[in-house]
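In this text, all values refer to a predicted model and were calculated from it rather than measured experimentally. We use all heavy atoms of the structure for the numbers below, so side chains are in, but hydrogens, waters and symmetry mates are not.
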Amino acid sequence: MPESKIQEMIKPLLYGAIGGAILTIIIGFAWGGWVTGGTAQERIDEAVLPLAAEICANNFKADPNFEKNLAELKKEDNWRRSDYIEKGQWSVMAGDDTSKSGVADACVEKLSDLLK
């Protein structure tokens with residue numbers, strides 16, 4: 001096959017490949033359920049938050065100094081209670097070094113019956 005014929009065939013082939021890739025991406029994200037890594041992580045965090053809050057509340061209740069901690073938590077302003085939970089490390093899940101976003105707030109919500 002002559003070289004000029006090959007060069008003529010390459011151009012439409014490349015356009016087709018690029019168009020197919022773009023179309024695949026559009027269909028994948030629009031209808032195929034594809035998501036970015038950030039969106040996936042947000043969904044995971046939302047799904048895990050109720051469980052993490054429950055674990056945090058149980059950690060708080062199981063603390064040997066529960067009565068003292070509860071009295072101190074009640075003294076805190078409402079907007080500072082999650083800070084108290086974070087300082088006490090009850091909202092830190094096993095394997096983590098720090099509390100994940102929102103866990104301490106959700107934990108205070110779980111403990112709200114005890115705070116009345």
Inset, instruction - Please collect all disulfide (SG to SG under 2.5 Å) contacts where either partner lies in residues 69-100, sequence neighbours excluded, each pair once. - result: none
Legend entry - Spatial distance of atom CD (Glu86) from atom SG (Cys56) [nearest 0.5 Å]: 9.0 Å
Legend entry - Under the side-chain contact (heavy atoms from CB on, under 4.5 Å) test, residues paired with Leu111 that sit two or more places apart: Ala57, Phe60, Lys61, Leu73, Ile85, Cys107, Leu114
Inset, instruction - Report yes if the side chains of Leu115 and Leu70 come closer than 4.5 Å at any heavy-atom pair, otherwise no. - result: yes
Inset, instruction - Quick one: closest heavy-atom pair of Leu49 and Ser101, and the distance? - result: CD1-O, 4.3 Å
Inset, instruction - Provide the full list of salt bridge (charged side-chain N to carboxylate O under 4.0 Å, His left out) pairs with a residue in residues 62-75, sequence neighbours left out, each pair given once. - result: Lys68-Glu72
Legend entry - Connected hydrophobic set around Trp79, excluding itself, where side chains approach under 4.5 Å: none
Let me check something: any side-chain donor-acceptor pairs from residues 92-100 under 3.5 Å, sequence neighbours excluded? List them with distances.
from  : atom 1 : to    : atom 2 : distance (Å)
Ser99 : OG     : Ser91 : OG     : 2.9

Legend entry - Hydrophobic cluster identity match, Val108 and Trp90, side-chain contacts under 4.5 Å: yes
Inset, instruction - Sorted by first residue and then second, give each salt bridge (charged side-chain N to carboxylate O under 4.0 Å, His left out) pair with at least one member in residues 35-60; sequence neighbours left out. - result: Glu54-Lys110
Legend entry - Sequence-distant partners of Leu13, side-chain contact (heavy atoms from CB on, under 4.5 Å), two or more places apart: none
Legend entry - Beyond-backbone contact of Tyr84 with Asn69, side-chain heavy atoms, under 4.5 angstrom: yes
Inset, instruction - May I have all residue pairs that pass ring-ring contact (aromatic ring centres under 6.0 Å, His included) and include part of residues 94-116, sequence neighbours excluded? - result: none
Inset, instruction - Take atom CD of Glu109 as the centre, draw a 6.0 Å sphere, and report whether it contains more than 12 heavy atoms from other residues, nucleotides or ligands. - result: no
Legend entry - side-chain contact (heavy atoms from CB on, under 4.5 Å) against Ile18, all qualifying residues, sequence neighbours excluded: Ile22
Legend entry - Selection residues 91-116 - residue pairs positive for ring-ring contact (aromatic ring centres under 6.0 Å, His included), sequence neighbours left out: none
Inset, instruction - Any side-chain hydrogen bond (donor to acceptor under 3.5 Å, both in side chains) involving residues 17-39? Give me the pairs, sequence neighbours left out, ordered by first then second residue. - result: Thr36-Thr39
Inset, instruction - Please name all residues satisfying side-chain hydrogen bond (donor to acceptor under 3.5 Å, both in side chains) with Asn65, sequence neighbours left out, ordered by chain then number. - result: none
